[in-house]
Amino acid sequence: MKQDMAVNQPDTEPHVVVSRLNHHFDLSGGLLARALRGGERKLLHAVADVSFSIERGETFALVGESGSGKTTIARILAGLMPARSGEIRIDGRPIRAAAARDEGLAVIQMVFQDPYASLNPRWRVGRIVGEPIRALPQTERIRRVAELLELVGLHALDAGKYPHQFSGGQRQRIAIARSLSANAPLLVCDEPTSALDVSVQAQILNLMRELQGQFDLTYLFISHNLAVVRYMATKIGVLYLGRLVEVAPASRIFSAPRHPYTQMLLEAVPGKGRERTSIKGEMPSPIAPPSGCPFHPRCAYAIDVCRKVTPEFRNGNACHRADELELPGTAAAVG
Ligand SMILES: Nc1ncnc2c1ncn2[C@@H]1O[C@H](COP(=O)(O)OP(=O)(O)OP(=O)(O)O)[C@@H](O)[C@H]1O
Ligand SMILES: [Mg+2]
């Protein structure tokens, strides 16, 4: 399988390159609603000018408060919705072309928070897992499905059961087996373990790491749980109001955050010998974001320029004061 995936992949650029991705939702309503409001359009900027890259075999985690745009980016990357502008390249090819490669096998698969909602309840597991390889001869398909089920810690005989006959963790294993069956080298995982008990969560995360090592998988990983992110991620992107405010190797994000918002997120995690502090203030509305740096109304370090000028993303962060501030990190284990 690893060999299949490695065919025709030039090593000239990272596995995934996302450039200047923008997406807004139009909340104006229909033509009539707009006419009544005097033609004014109401746009919600969910993703603003987001660029990042992911190397093959790496786990890039997106973190940020609820509504910061994580799922929107995940859905665009997985091809479930188009972006308004920007470019996504997989293995050096624009995403649409990449998705059409390999005789229709998707290069990107998505694992959702609620595996039950994403598994067809009327299909047996064998059909669900075998769906991406339905073009294979039946005997070969059955053998492959059995192999995949065992690979994710289930039994080959589970192919004959329905999703409701499994626990949440087992259903997530089925969803992972389906992703592997599509032979996709990139998995987009949006809160894959958030709905699971802590012990089951650890099993699924370990399975994901094992499979990543075995098949050189690339993950875009989303979790609101920073302990989980620390365990899984090699690189982290911090989102605020649809903008990336910091991107760095995971260890650096935790030990020496450069953006005050990153530091605020870390402070909200309970560590050894310290209490969890709550996140201060609320995220402003993405319909009318603040002037200048969108984080300035909540930032303890904001100065005049922060209120007026939107900082450019440079050297891994978007903060006017990143070079002069020395923000404390968190050395203690989180979780
Ligand atoms: N279909 C939609 N129509 C209108 N607005 C939307 C739609 N989907 C998302 N939004 C808005 O876009 C912004 C980003 O939403 P998104 O779901 O990407 O956030 P998130 O970071 O995944 O949040 P959470 O942590 O709660 O899952 C939010 O302000 C949200 O309300
Ligand atoms: Mg989300």
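For ligands, and for the atoms within them, numbers begin at 1 and follow the listed sequence.
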- prompt: Short question: side chain of T262, backbone of P257 - any donor-acceptor pair under 3.5 Å?
  reply: no
message: Tell me if a side-chain donor or acceptor on T234 pairs with a main-chain N or O of T59 at a distance below 3.5 Å.
response: yes
- request: Flag yes if more than 12 heavy atoms outside E282 fall under 6.0 Å of its CD atom; otherwise flag no.
  value: no
message: Counting only heavy atoms closer than 4.0 Å, does ligand 1 sit against the backbone of P286, its side chain, both, or neither?
response: side chain
- request: Name the orientation class of the two ring planes belonging to H259 and Y261 (parallel below 30°, tilted from 30 to 60°, perpendicular beyond 60°).
  value: perpendicular
query: Where does L27 meet ligand 1, judged by heavy-atom distances below 4.0 Å: at the side chain, the backbone, both, or neither?
result: side chain
- line: The atoms of ligand 1 lying under 4.0 Å from a heavy atom of T71, numbered in the order shown, are 17 (O), 18 (O), 20 (P), 22 (O), 27 (O)
task: Would you mind running through ligand 1 and noting each atom that sits below 4.0 Å from a heavy atom of S68?
output: 19 (O), 21 (O)
message: Quick check: K70 and ligand 1, any N/O pair under 3.5 Å apart?
response: yes
task: Quick one: name the protein N/O/S atoms under 2.8 Å from the Mg ion (ligand 2), chain by chain.
output: T71 OG1
For L44, atoms of ligand 1 separated by under 4.0 Å from a heavy atom: 11 (C), 12 (O), 13 (C), 29 (O)
- request: Could you go through the side-chain hydrogen bond (donor to acceptor under 3.5 Å, both in side chains) check for S28 and D26 one step at a time?
  value: CA-CA 6 Å; S28 314; D26 194 338; 2.4 Å; yes
- prompt: What are the atoms of ligand 1, with element, lying closer than 4.0 Å to any heavy atom of T72?
  reply: 14 (C), 15 (O), 16 (P), 18 (O)
query: Transitively linked via ILVMFWY side-chain contacts under 4.5 Å: L187 with Y231?
result: yes
field: I76 vs I73 side-chain heavy atoms within contact, under 4.5 Å
entry: no
query: Should one rank G69, S66, G64 by closest heavy-atom distance to atom 19 (O) of ligand 1, which comes out on top?
result: G69
query: Should L44 and L21 be counted in the same cluster of Ile, Leu, Val, Met, Phe, Trp and Tyr side chains packed under 4.5 Å apart?
result: yes
message: Under 4.0 Å from a heavy atom of G67: which atoms of ligand 1 are those, numbered in the order shown and with their elements?
response: 13 (C), 14 (C), 19 (O), 20 (P), 21 (O), 23 (O), 24 (P), 26 (O), 28 (C), 29 (O)
Intermediate values then yes/no, ring-ring contact (aromatic ring centres under 6.0 Å, His included), F221 and F60: CA-CA 6 Å; F221 188 86; F60 182 75; over 10 Å; no
